Asker: 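I'd like to ask some things about the structure below.
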Number of protein chains: 2
Amino acid sequence: MTDNDQILALDNQICFALYALNRAVTARYRPLLEELGLTYPQYLVMLVMWEADREGIKPRVSDLGARLRLDSGTLTPLLKRLEQRDLLQRARLAEDERVVRLRLTNAGRALRAKAANVPGRLMCGLDIEPERLLSLRQELRSLLEVLETAEPSER
Amino acid sequence: MTDNDQILALDNQICFALYALNRAVTARYRPLLEELGLTYPQYLVMLVMWEADREGIKPRVSDLGARLRLDSGTLTPLLKRLEQRDLLQRARLAEDERVVRLRLTNAGRALRAKAANVPGRLMCGLDIEPERLLSLRQELRSLLEVLETAEPSER
DNA sequence: CTGATTTACATTGTGCACAATATAATTTCC
DNA sequence: GGAAATTATATTGTGCACAATGTAAATCAG
């Protein structure tokens, strides 16, 4: 194999390692979240909602978007599904009718207790040192920041 | 914040760091791949096809699936789109009519030359040491193997 | 050899992601 | 104060992912 071959070899792409691992992790979450009646992106939304709830904050759609890096095209239908399941409520602000404020229902708040064991059970049966995950998380976050700060790619 | 709070804090989830970085990387690929008329998953398929082509192999749909961890529900429509763009051809095997064999067209083969500069341009303007990416890739692959080897999660 | 099982791929339906556009409310700038 | 620009969310359309199911061909078992 020449260098030229190597550049485009699938196994040399970090992007593919990232893509494959992300899907494998999501797949491992799936049966656990199914017990909660949540998809993986819905679970992420609920994590933000639970956090905000504890701080007495009722986030706006755009707050979720900023936190999760998702736009209204993704969030609006997702939030409507969570609303239909009575996990949260969406309401326009009286002061500014453009804004939709989100608040947990009691059912949504209660679901947190059932979710509390998800992170633990996820790792269960996996022989991975916790510190390894910590340093990986740090590296992923650091690279995310580089990408979000950087200019769009060249030419 | 109590420990109990921390467990479900969004910023403590490796899964979220992985999810966010994966989407940020894909977003950075997007304008480059658009020049090739490819989506990101289509690009991954083409990487496998180019590799196979150089080895004189015409992979089956299931070969792509095994390599990319995708099933026919994802691959069949994706491959049909690549076929419509005349980048590859799909043909049932005479010996075993269940099997669909994939071969690059000349246009598909030619696209490789245009793709050759994608990895370089992707990193352009990013201040990241190559060795950092190498060790990250290794870590991601190692964890993928752990997940793929492991039992499904408990309970 | 034939019925049962397995294999490979296709189809259907749901739920993201995301670009592009739409809509309505607020803010800004003369 | 009113036209223009901006902001926040919604809608539409395309393309994944993936579960569940279908279909036809090949293999296996008795």
Side-chain angles (χ1 to χ4, degrees), chain A residues 15-16 18-31 33-34 36-46 58-66 68-85 90-102 152, chain B residues 15-16 18-31 33-34 36-46 58-66 68-85 90-102 152:
Chain A
C15 71
F16 174 63
L18 198 57
Y19 168 82
L21 182 61
N22 181 50
R23 287 194 300 118
V25 168
T26 306
R28 195 170 174 87
Y29 268 99
R30 198 166 295 118
L33 297 182
E34 200 169 2
L36 309 181
L38 295 177
T39 65
Y40 181 70
Q42 287 168 8
Y43 172 69
L44 296 179
V45 165
M46 291 303 290
K58 296 194 257 309
R60 311 181 304 169
V61 173
S62 56
D63 294 331
L64 287 187
L68 298 171
R69 278 79 169 173
L70 293 170
D71 67 8
S72 68
T74 301
L75 287 173
T76 297
L78 188 157
L79 292 169
K80 283 182 177 174
R81 282 186 283 270
L82 293 180
E83 189 177 33
Q84 277 185 355
R85 290 186 199 171
R90 305 178 320 130
R92 295 272 169 187
L93 267 194
E95 314 91 89
D96 187 340
E97 289 276 348
R98 294 171 304 181
V99 174
V100 170
R101 183 146 288 184
L102 306 166
Chain B
C15 71
F16 175 63
L18 198 58
Y19 168 82
L21 182 60
N22 180 50
R23 289 194 300 118
V25 168
T26 306
R28 196 172 174 86
Y29 268 99
R30 199 166 294 120
L33 297 182
E34 200 170 2
L36 309 182
L38 296 177
T39 65
Y40 181 70
Q42 287 168 8
Y43 172 68
L44 296 179
V45 165
M46 291 304 289
K58 295 194 258 308
R60 311 182 304 170
V61 173
S62 55
D63 295 330
L64 288 187
L68 298 172
R69 278 80 170 173
L70 294 170
D71 68 9
S72 69
T74 301
L75 287 174
T76 297
L78 188 158
L79 292 169
K80 283 183 178 175
R81 282 186 282 270
L82 293 181
E83 189 176 34
Q84 278 185 354
R85 291 186 199 170
R90 304 179 318 131
R92 294 272 170 189
L93 267 193
E95 314 90 88
D96 186 339
E97 289 276 347
R98 295 171 302 180
V99 175
V100 170
R101 182 146 291 187
L102 306 166

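Just so we're on the same page: letters track the sequence lines, and every chain starts at 1. Model, not experiment: these values are computed from the prediction.
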Asker: Nearest-nucleotide wise, let me know which of Pro77(A) and Ala94(A) is further upstream toward the 5' end of DNA chain C.
Answerer: Pro77(A)
Asker: Ignoring hydrogens and angles, tell me if any N or O in the side chain of Thr26(B) forms a donor-acceptor pair with the backbone of Asn22(B) under 3.5 Å.
Answerer: yes
Asker: Look at the side chain of Arg92(A) and decide which nucleotide, out of dT26(C), dA10(D), dC16(D), has an atom nearest to it.
Answerer: dA10(D)
Asker: Is any side-chain heavy atom of Met46(B) less than 4.5 Å from a side-chain heavy atom of Leu38(B)?
Answerer: yes
Asker: Report the distance from atom CG of Leu78(A) to atom P of dT9(D), rounded to the nearest whole Å.
Answerer: 15 Å
Asker: Whole-Å distance between dA8(C) C1' and Leu64(B) CG?
Answerer: 13 Å
Asker: Rounded off to whole Å, could you give me the CG-to-P distance for the Leu70(A) and dT9(D) pair?
Answerer: 14 Å
Asker: Please answer whether the main-chain N or O of Leu78(A) pairs with a side-chain N or O of Gln42(A) as donor and acceptor at a distance below 3.5 Å.
Answerer: no
Asker: Could you give the CG-to-P distance, from Leu33(B) to dC18(C), as a whole number of Å?
Answerer: 14 Å
Asker: Tell me if the side-chain of Ser72(B) makes a donor-acceptor pair with the base of dA10(C), cut-off 3.5 Å, by modelled atom types.
Answerer: yes
Asker: Select one nucleotide: of dA26(D), dA10(C), dA10(D), the one nearest the side-chain heavy atoms of Glu97(B).
Answerer: dA26(D)
Asker: Which nucleotide wins on minimum distance to the side chain of Asp71(B), given the candidates dA25(D), dG15(C), dC18(D)?
Answerer: dC18(D)
Asker: Does Arg98(A) get its side chain close enough to the base of dT9(D), under 3.5 Å, for a donor-acceptor pair?
Answerer: no
Asker: Using atom CG of Leu68(B) as one end and atom P of dC18(D) as the other, report the distance to the nearest whole Å.
Answerer: 12 Å
Asker: Tell me the interatomic distance from Glu95(B), atom CD, to dT27(D), atom C1', rounded to whole angstroms.
Answerer: 16 Å
Asker: Measuring to OP1 and OP2 of dC16(C), would you say a side-chain N or O of Gln42(A) lies under 4.0 angstrom away?
Answerer: yes
Asker: For dC18(D), take OP1 and OP2 only and decide whether either is under 4.0 Å from a side-chain N or O of Thr74(B).
Answerer: no
Asker: Does Thr39(B) or Arg30(A) map to a spot on DNA chain D nearer the 5' end, using the closest nucleotide for each?
Answerer: Thr39(B)
Asker: Looking at dA10(D), dC9(C), dT11(D), which one has an atom nearest to any side-chain atom of Lys80(A)?
Answerer: dT11(D)
Asker: Is the side chain of Arg23(B) donor-acceptor paired with the backbone N or O of Leu18(B) at a distance under 3.5 Å, no angle test?
Answerer: no
Asker: For the residue pair Tyr29(A) and Tyr43(A), does the interplanar ring angle fall in the parallel (under 30°), tilted (30 to 60°) or perpendicular (over 60°) class?
Answerer: tilted
Asker: Both Ser62(A) and Tyr19(A) contact DNA chain D. Which one's nearest nucleotide lies toward the 5' end?
Answerer: Ser62(A)
Asker: When you check the phosphate oxygens OP1 and OP2 of dA17(C), does a side-chain N or O of Arg69(A) lie under 4.0 Å from one of them?
Answerer: no
Asker: Inspect the contact between Glu97(B) and Arg92(B) and indicate whether a charged nitrogen and a carboxylate oxygen are less than 4.0 angstrom apart.
Answerer: no
Asker: In whole angstroms, how far is the P atom of dC18(D) from the OH atom of Tyr29(A)?
Answerer: 16 Å
Asker: Under 4.0 Å: is that the gap between some side-chain N or O of Arg90(B) and OP1 or OP2 of dC9(C)?
Answerer: no
Asker: Does the side chain of Arg81(B) get closer than 4.0 angstrom to OP1 or OP2 of dT14(D) through an N or O atom?
Answerer: no
Asker: Please report the distance, rounded to the nearest Å, between CG in Leu93(B) and C1' in dA8(C).
Answerer: 11 Å
